[in-house]
Structure formats: structure tokens, C-alpha cells
Number of protein chains: 2
Amino acid sequence: MASQGTERVSSQQLSERLDLSAAQIRKDLAQLGELGIRGVGYDIAGLVERLTKVLRLDQGYRMVVVGMGNLGRALSAYFGFNHGAFVVVAGVDPDPEKFGLDVGGFTVRPLEDLAQIVRDEGVDLGVLAVPASAAQESYDRLVAAGVRGVLNFAPAQVQAVPQAPLKSVDLRIYLEELVFSLPEDAEPDSSSISTE
Amino acid sequence: MASQGTERVSSQQLSERLDLSAAQIRKDLAQLGELGIRGVGYDIAGLVERLTKVLRLDQGYRMVVVGMGNLGRALSAYFGFNHGAFVVVAGVDPDPEKFGLDVGGFTVRPLEDLAQIVRDEGVDLGVLAVPASAAQESYDRLVAAGVRGVLNFAPAQVQAVPQAPLKSVDLRIYLEELVFSLPEDAEPDSSSISTE
DNA sequence: AAGACTTTGTGAAGGATGTCACAAGGTACC
DNA sequence: GGTACCTTGTGACATCCTTCACAAAGTCTT
């Protein structure tokens with residue numbers, strides 16, 4: 001909305017866009033202070049500014065991607081092209097054949113250089129795009145190198161420490177959620193689920 | 001657990017693994033019928049079987065990936081290697097330079113062939129790995145071709161029809177959630193959030 | 001400037017969700 | 001077989017979250 005030049009928005013309009021009730025939106029936004037003006041609505045620029053600050057997106061975050069396979073390269077491109085608060089500054093891999101490979105923006109460097117890269121580049125966050133078997137070790141390396149948080153795409157249980165929060169994203173879950181939301185075409189045994 | 005040969009599990013053990021209360025797990029599982037045995041716990045094989053059925057993962061799902069850029073290829077590999085309920089059977093792209101490109105398992109085909117591919121290959125689901133600007137059109141094409149559901153990775157608002165549910169995954173959200181969970185090192189203006 | 005119309009912020013009510021605690025049912029060991 | 005010990009399933013309770021409804025506050029038109 002802001003990029004389209006709109007100046008104001010009502011909770012009613014937001015509710016339609018976000019598929020929430022208008023009351024819900026007002027309650028939520030009121031938590032951040034009195035952002036709206038009665039009879040008028042919310043100032044979009046003001047909302048963006050306040051939310052950006054509350055979500056801590058008013059500062060930049062520098063990231064390193066661990067694992068430069070298909071997923072690692074895809075994530076680098078996905079996050080790297082972003083002109084927002086996030087920028088991928090480096091990618092590492094244990095495979096020597098990948099060293100020096102250009103992935104648009106930077107070249108792949110050895111996993112061993114991780115600590116040095118984090119220090120030199122001022123890296124804040126790590127992204128795990130490694131096989132499940134290497135997830136825990138990679139997380140530990142990132143923490144030892146000094147990152148403040150880690151986003152994990154490996155389907156593995158990783159034990160985290162409080163100094164470096166871990167957020168895991170298992171893409172298969174979304175496929176499972178999707179098939180569960182599918183309209184069921186004549187599935188007779190579903191009656192046992194929806195008991196009262 | 002099943003692949004490790006464990007036979008039984010208690011709600012207590014599950015609660016530690018899943019970071020939920022034991023009572024919560026019992027309440028949830030009890031919804032699916034009396035799966036456990038008092039004094040013993042839950043039979044893992046039985047749980048897996050019941051959950052697989054309830055989540056509708058007892059049937060296979062064939063998928064086509066639209067957009068064979070970095071992300072499309074990564075997702076194909078990610079989902080395709082999966083020996084579970086999901087398998088990627090084809091990938092399409094509008095760019096003629098990509099036609100015939102081998103991405104492990106299949107070769108990239110023209111976007112125009114989509115309808116035919118869905119018909120011939122018995123495709124159930126579509127995966128959108130296209131730029132945001134092409135998301136809506138790609139969704140419409142998938143629906144016209146006859147898929148039953150779509151998983152969208154483009155950061156765009158896509159209007160869906162009830163016959164083909166849409167699930168959108170915006171990877172940037174997870175970065176934002178991660179930074180929000182970061183321990184705040186001396187942020188003085190956060191006091192206005194946690195009022196009372 | 002007065003009245004009709006909007007739209008926010010918010011107490012109160014209602015609904016949904018999670019926790020507690022215990023009876024019922026099962027195992028294991030002597 | 002009896003006793004001590006587990007563990008599930010579940011009503012009752014507590015807590016959290018959402019919706020409702022309306023006063024307060026602003027705009028616009030005449």
C-alpha cells in the first residue's frame with residue numbers, strides 16, 4: 001500500500017486484505033500505542049514505521065548460508081535480491097569442488113573459514129541448507145563463530161542454546177498442510193475424525 | 001522413532017520431544033480414538049498408521065513445479081528425493097533456454113505443455129516457484145490444467161478458488177520471526193511494547 | 001456551527017483452548 | 001495372586017483469545 005502511494009487505511013480495509021476481523025486488527029494495533037485517528041483510520045507511513053521498529057526491521061541483518069547445494073543457492077538468491085533488512089553476504093560449503101563457485105553476489109568459500117567470515121563480514125544470522133545429518137554440527141559451528149540466530153531448513157531436530165535462537169522450517173509440513181486442506185472427494189472413513 | 005525400531009512411547013516422552021505438555025498430547029491423540037493403552041503408552045506403529053491416514057498421507061501425491069529457476073530446482077530436489085507421499089514428476093518454465101535442462105529425475109518442459117502434463121502424468125498438486133508478478137497467472141494456469149491444490153512460494157497475494165486450495169509460504173517471514181526471537185541487547189525503546 | 005457520518009479504542013461477554021488431577025485400566029515382580 | 005507402580009482418558013477448572021457493542025473523536029456537508 002505504501003509503495004502504491006495510499007496514505008490511509010481503515011481496520012475494515014485491512015480486515016478484508018488479511019482475512020481477519022476488523023476488531024482483531026484494532027485490538028492488535030492498539031497494543032502498539034494509539035496509532036489510528038478516530039473517524040479517519042490509520043496513517044500507512046506511520047504504521048510501517050512503527051511496525052518496522054517493533055519487529056526490529058529498522059536495522060540491517062547480514063547473513064551467511066551454510067550448504068551451497070540446490071537449496072542453499074536458491075535461498076541465497078531469494079534472500080540476497082531482497083532490498084529489505086536482510087542481505088546474504090557469504091556462503092560456505094564443505095565440498096572443495098564448490099569453492100570459488102559464483103552464485104551471484106559472492107563466491108562459495110570453505111566451511112573452515114566460517115568463523116573468520118563471521119568476524120570479518122559482521123555476520124548476524126546463519127542459514128542452514130545442509131543435509132539433516134549435518135544440521136547439528138553446522139549449528140554448533142555457527143554459534144561458535146558468533147552468530148546471533150540461525151534459520152534451519154534441514155529436516156532435523158537441532159538442539160539450540162539461548163544465546164543463538166534457532167528457527168526451523170520444514171518445507172514438507174506445508175505440503176502436508178496443503179493436502180489436508182484439499183476438498184475430500186468421497187472419503188468414507190473421515191466420519192471417525194469429526195465426531196461432535 | 002519407528003525407523004529406530006522403538007515400539008512404544010508415552011505422552012511424557014512425546015511431550016519432551018515436541019515441547020508440549022503431556023496432557024495436551026493425550027487430549028489431542030484421544031481425539032483420534034483410544035490409541036493408547038493405559039499403563040503402557042502408545043504403540044508407535046499404530047500411531048504412525050492412524051496419523052498417516054488422518055493426515056491423508058496414505059496416498060501418493062504427484063506434483064509439478066512451475067518456474068525452474070534457483071528455487072524451483074531446489075524445491076524439486078528437496079521434494080523429489082523424498083520417498084514419502086510426495087513426488088515431483090515434472091517441471092515447467094516459460095524460458096525456452098531452460099527447455100530440456102536436466103534437473104535430476106526429469107527435464108524442464110515448456111509452460112505451454114502444462115495442461116497436457118497434468119493430464120498425462122496424473123498430477124495432483126502444483127508448486128509455484130515463479131516471480132511474484134507471475135504468481136496469479138501461474139496459479140490460474142494450474143487450476144485450469146486441473147490440479148487439486150497449489151503450494152505458492154512467491155511473495156504475492158494470489159486469489160484462489162475453492163476447488164484448488166492455495167497455501168502460500170513466504171520465506172522472509174521466518175527471517176522476521178527469527179530476528180524477533182533474538183535476545184535484545186540493550187534496546188531502550190522496547191518499553192513501550194510491554195506495557196502492563 | 002450543527003448534525004450526519006466514519007472510524008478508532010476498549011470494557012464486557014462469550015467462546016475456545018490448555019492444564020490439573022484423578023479414576024480406570026494395565027504391567028511387573030515377588 | 002496380590003501389591004506397587006505406570007500411564008491413559010477425561011471431567012472440571014483456569015486461562016487466553018476473539019467478538020460485540022458503544023463511547024469518544026474526527027471529518028464533511030450544508
Side-chain angles (χ1 to χ4, degrees), chain A residues 1-2 4-55 167-168 173-174 176-177 180-181 189-196, chain B residues 1-2 4-55 167-168 173-174 176-177 180-181 189-196:
Chain A
M1 283 179 173
Q4 279 169 19
T6 322
E7 281 188 7
R8 283 200 276 255
V9 66
S10 69
S11 59
Q12 179 66 42
Q13 290 172 284
L14 284 174
S15 80
E16 285 161 17
R17 268 215 188 211
L18 302 178
D19 205 29
L20 296 167
S21 75
Q24 183 68 72
I25 288 180
R26 291 202 298 277
K27 266 266 158 87
D28 285 1
L29 290 180
Q31 294 292 316
L32 311 178
E34 298 208 2
L35 283 170
I37 305 171
R38 303 185 181 206
V40 179
Y42 297 91
D43 175 64
I44 291 181
L47 267 194
V48 169
E49 187 187 337
R50 190 80 183 86
L51 286 172
T52 301
K53 205 167 255 169
V54 169
L55 297 175
K167 178 142 190 76
S168 285
I173 298 286
Y174 301 110
E176 298 183 358
E177 286 183 12
F180 194 74
S181 74
D189 63 321
S190 65
S191 57
S192 56
I193 307 165
S194 54
T195 50
E196 79 189 83
Chain B
M1 283 179 173
Q4 279 168 20
T6 321
E7 280 189 9
R8 284 201 275 254
V9 66
S10 69
S11 59
Q12 180 66 41
Q13 289 172 284
L14 284 173
S15 80
E16 285 162 18
R17 268 212 187 215
L18 302 177
D19 207 28
L20 296 167
S21 74
Q24 183 69 72
I25 289 180
R26 291 202 298 278
K27 266 268 161 85
D28 286 1
L29 290 181
Q31 295 291 318
L32 311 178
E34 298 208 4
L35 283 170
I37 306 172
R38 304 188 179 202
V40 179
Y42 297 91
D43 176 64
I44 292 181
L47 267 193
V48 169
E49 187 188 336
R50 191 78 183 88
L51 286 173
T52 300
K53 205 166 254 170
V54 168
L55 297 174
K167 177 141 192 77
S168 286
I173 299 285
Y174 302 109
E176 298 182 358
E177 286 183 12
F180 193 74
S181 74
D189 63 322
S190 63
S191 58
S192 56
I193 305 165
S194 53
T195 50
E196 83 186 83

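Here is how names work: the chains are called A, B, and so on, in the same order as the sequence lines, proteins then strands, and each is numbered from 1. Quantities reported herein were computed from a predicted structural model and do not represent experimental measurements.
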Any donor-acceptor pair under 3.5 Å from A:R26 side chain to A:S11 backbone: no
Separation of atom CG in A:L20 from atom C1' in D:dC20, rounded to whole Å: 17 Å
First encountered from the 5' end of DNA chain D, between B:S10 and A:G39: B:S10
Distance, rounded to the nearest Å, where B:I44 contributes CD1 and D:dT8 contributes C1': 16 Å
Nearest-angstrom distance from the residue atom CD1 of A:I37 to P of D:dC28: 12 Å
Contact check, side chains of B:L35 and B:L47, non-hydrogen atoms, under 4.5 Å: yes
Atom-pair distance (CD on B:Q24; C1' on D:dT8), nearest Å: 15 Å
Shortest non-hydrogen contact between B:V54 and A:F180, atoms and distance: O-CE1, 3.3 Å
D:dG9 phosphate, OP1 or OP2, under 4.0 Å from B:Y42 side-chain N/O: yes
Position toward the 5' end of DNA chain C (nearest nucleotide), B:D28 or A:G41: A:G41
Distance-only donor-acceptor test (3.5 Å): side chain B:R38, base D:dG9: no
Sugar-phosphate only, base, or nothing, as touched by B:L35 at under 4.0 Å among non-hydrogen atoms: sugar-phosphate
Rounded distance (Å) that lies between atom P of D:dG26 and atom CZ of A:R8: 13 Å
Closest to side chain of B:V40, choosing from D:dG26, D:dT8, C:dG26: C:dG26
Contact under 4.0 Å: A:S21 side-chain N or O vs D:dT19 OP1/OP2: yes
Rounded interatomic separation in angstrom, taking CG from A:L32 and P from C:dT8: 14 Å
Base D:dT18 to side chain A:K27, donor-acceptor N/O within 3.5 Å cut-off: no
Touch class at under 4.0 angstrom, heavy-atom based, for B:E34 against every strand present: sugar-phosphate
Distance in angstrom units between B:D43 CG and C:dT27 P, rounded: 13 Å
Any A:S11 side-chain N or O less than 4.0 Å from OP1/OP2 of C:dT8: yes
For A:V40 against A:R8, the heavy-atom pair lying closest together: CG1-CD, 3.1 Å
Non-hydrogen atoms of B:V48 and B:T52 that approach each other most closely: O-OG1, 2.5 Å
Gap between atoms CG and C1', on B:L14 and D:dT7 respectively (whole Å): 12 Å
